[in-house]
J.: 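Provided herewith is a single structure, encoded as structure tokens, for subsequent inquiry.
All ligand and atom numbering here is 1-based and tracks the order in the structure. The residues of the chain are indexed from 1 along the displayed sequence.
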Amino acid sequence: MKLILLGAPGAGKGTQATRLAERYQIPHISTGDIFRANIKGNTPLGMQAKSYMDQGQLVPDEITIGMLMDRIHEADCSNGYILDGFPRTLAQADALDSKEEVDAAVNVDVPDETIVKRMSGRRVCPKCGEPYHTKYKVPAQEGICDRCGSELIIRKDDEPATVLMRLEVYHDQTAPLIQHYGNLNKLVSVDGTQELEAVTQAIVQALGE
Ligand code: AMP
């Protein structure tokens, strides 16, 4: 199965992608995660991506499309994949559609006010990468990582001004993909404000299981 997860930053695509990947036994591919791993490893790709990400802007298509197309041609994708955070522009969608027949594009629908609330509570451990939330995943000791004891931080792209910029970029460049995949009869929309498990169930049902 080849799936795309659409939705605003903070809509819960990553969480749902992890759950679906386990269920369907196919890899979860997050372009954001690939960029972050490259930044951590100080690779040339990471250095190119960092300034765009820190400002809440999209990394240019010329960099992103090649990187994703290479990834989906790796051996573990022979039975399909779940794309989380790609495509994010019409050019990315066209590049993907010209080479791949995806089964569905799932839109995880969450209103902007909810997104802002969710993202402003996000924290992360700078040392081991464990994610936290001031409301939904609270560490045992406030501001301290349960796993390694480091002081938690707000990821640069989760800072309030950057969140607003990312939402603007989303509406401007990524939201048109909902109509794009609707026109191709591939769109499935689910209410992303429900509990995690209910969102997963809604997706699985809509995919016809
Ligand atoms: P995410 O973790 O999916 O929210 O992505 C974090 C950041 O990585 C985004 O705000 C973009 O700067 C960059 N990024 C991730 N995926 C893409 C993509 N498909 N196209 C361009 N930039 C991307």
Side-chain angles (χ1 to χ4, degrees), residues 2-21 27-41 43-72 81-100 102 105-110 112 114-126 129-133 153-178 180-181 192:
K2 295 178 177 176
L3 275 187
I4 294 171
L5 286 188
L6 295 174
K13 298 188 297 291
T15 312
Q16 293 302 327
T18 306
R19 296 165 75 104
L20 295 168
H28 164 196
I29 300 175
S30 153
T31 38
D33 283 351
I34 301 177
F35 285 133
R36 281 185 286 277
N38 276 276
I39 291 173
K40 212 168 176 194
T43 69
L45 178 70
M47 280 184 254
Q48 276 180 301
K50 188 172 184 332
S51 58
Y52 297 100
M53 290 174 74
D54 283 350
Q55 289 170 48
Q57 297 290 346
L58 296 183
V59 179
D61 288 338
E62 305 80 80
I63 301 173
T64 310
I65 292 173
M67 177 184 90
L68 187 278
M69 295 311 279
D70 286 348
R71 177 65 189 89
I72 60 176
Y81 44 73
I82 299 174
L83 301 185
D84 158 18
F86 186 98
R88 260 179 158 103
T89 64
L90 275 172
Q92 293 179 10
D94 287 339
L96 181 70
D97 297 346
S98 69
K99 297 262 164 55
E100 296 281 302
V102 298
V106 178
N107 179 32
V108 182
D109 193 20
V110 177
D112 282 7
T114 313
I115 297 279
V116 171
K117 261 191 228 152
R118 282 187 186 176
M119 290 178 84
S120 61
R122 279 187 180 179
R123 301 290 181 271
V124 68
C125 173
E130 185 71 6
Y132 293 90
H133 195 281
I153 58 161
I154 299 180
R155 221 170 74 183
K156 186 115 173 91
D157 58 353
D158 285 339
E159 285 175 7
T162 318
V163 169
L164 293 180
M165 173 56 76
R166 291 172 73 193
L167 273 175
E168 198 178 313
V169 168
Y170 166 75
H171 286 293
D172 197 38
Q173 304 200 50
T174 309
L177 298 185
I178 297 172
H180 172 85
Y181 284 104

J.: Taking D33 first and then K40, would you say they form a salt bridge - that is, a charged N and a carboxylate O separated by under 4.0 Å?
T.: no
J.: Among all the protein's non-hydrogen atoms, which is closest to atom 23 (C) of ligand 1, and how far away is it?
T.: F35 CE1, 3.8 Å
J.: List every atom of ligand 1 that sits less than 4.0 Å from any heavy atom of Q92, numbering the atoms from 1 in the order shown and giving each element.
T.: 18 (C), 19 (N), 20 (N), 21 (C)
J.: Just which atoms of ligand 1 are under 4.0 Å from any heavy atom in T64?
T.: 18 (C), 19 (N), 20 (N), 21 (C)
J.: Once you round to the nearest 0.5 Å, how far does CE of M69 lie from OG1 of T64?
T.: 13.0 Å
J.: In the protein, what heavy atom is nearest to atom 10 (O) of ligand 1, and what distance, to one decimal place, separates them?
T.: R166 NE, 3.6 Å
J.: Rounded to the nearest 0.5 Å, what's the gap from CG on L167 to CG on D172? Could you check?
T.: 12.0 Å
J.: Using a strict 4.0 Å cut-off to heavy atoms of V59, name the atoms of ligand 1 that fall inside it.
T.: 13 (C), 21 (C), 22 (N)
J.: Under the 3.5 angstrom rule, does the side chain of T174 hit a backbone N or O of R88 as a donor-acceptor pair?
T.: yes
J.: Please confirm whether K13 comes under 4.0 Å of ligand 1, counting heavy atoms of the residue only.
T.: no
J.: Please check this pair: side chain of R122 against backbone of D158, looking for a donor-acceptor N/O pair closer than 3.5 Å.
T.: no
J.: For ligand 1, which atoms, with element, lie under 4.0 Å from some heavy atom of Q57?
T.: 11 (C), 12 (O)
J.: If you count the atoms of ligand 1 from 1 in the order shown, which ones are under 4.0 Å from a heavy atom of M53?
T.: 6 (C), 7 (C), 8 (O), 12 (O), 13 (C)
J.: Rounded at 0.5 Å granularity, tell me how far CE in M119 sits from NE2 in H133.
T.: 9.5 Å
J.: Could you identify the single nearest non-hydrogen protein atom to atom 15 (C) of ligand 1 and state the distance to 0.1 Å?
T.: R88 NH1, 3.2 Å
J.: Hey, which atoms in ligand 1 end up nearer than 4.0 Å to a heavy atom of R36?
T.: 2 (O), 6 (C)
J.: For the NZ atom on K2, are there more than 12 heavy atoms of other groups (residues, nucleotides or ligands in this structure) within a distance under 6.0 Å?
T.: yes
J.: Any donor-acceptor pair under 3.5 Å linking the side-chain atoms of D157 with those of Y52?
T.: no
J.: Short list, please: which atoms of ligand 1 are under 4.0 Å from a heavy atom of G85?
T.: 16 (N), 17 (C), 18 (C), 19 (N)
J.: Could you tell me which atoms of ligand 1, counted from 1 in the order shown, lie closer than 4.0 angstrom to a heavy atom of T31?
T.: 15 (C), 16 (N), 17 (C), 19 (N)
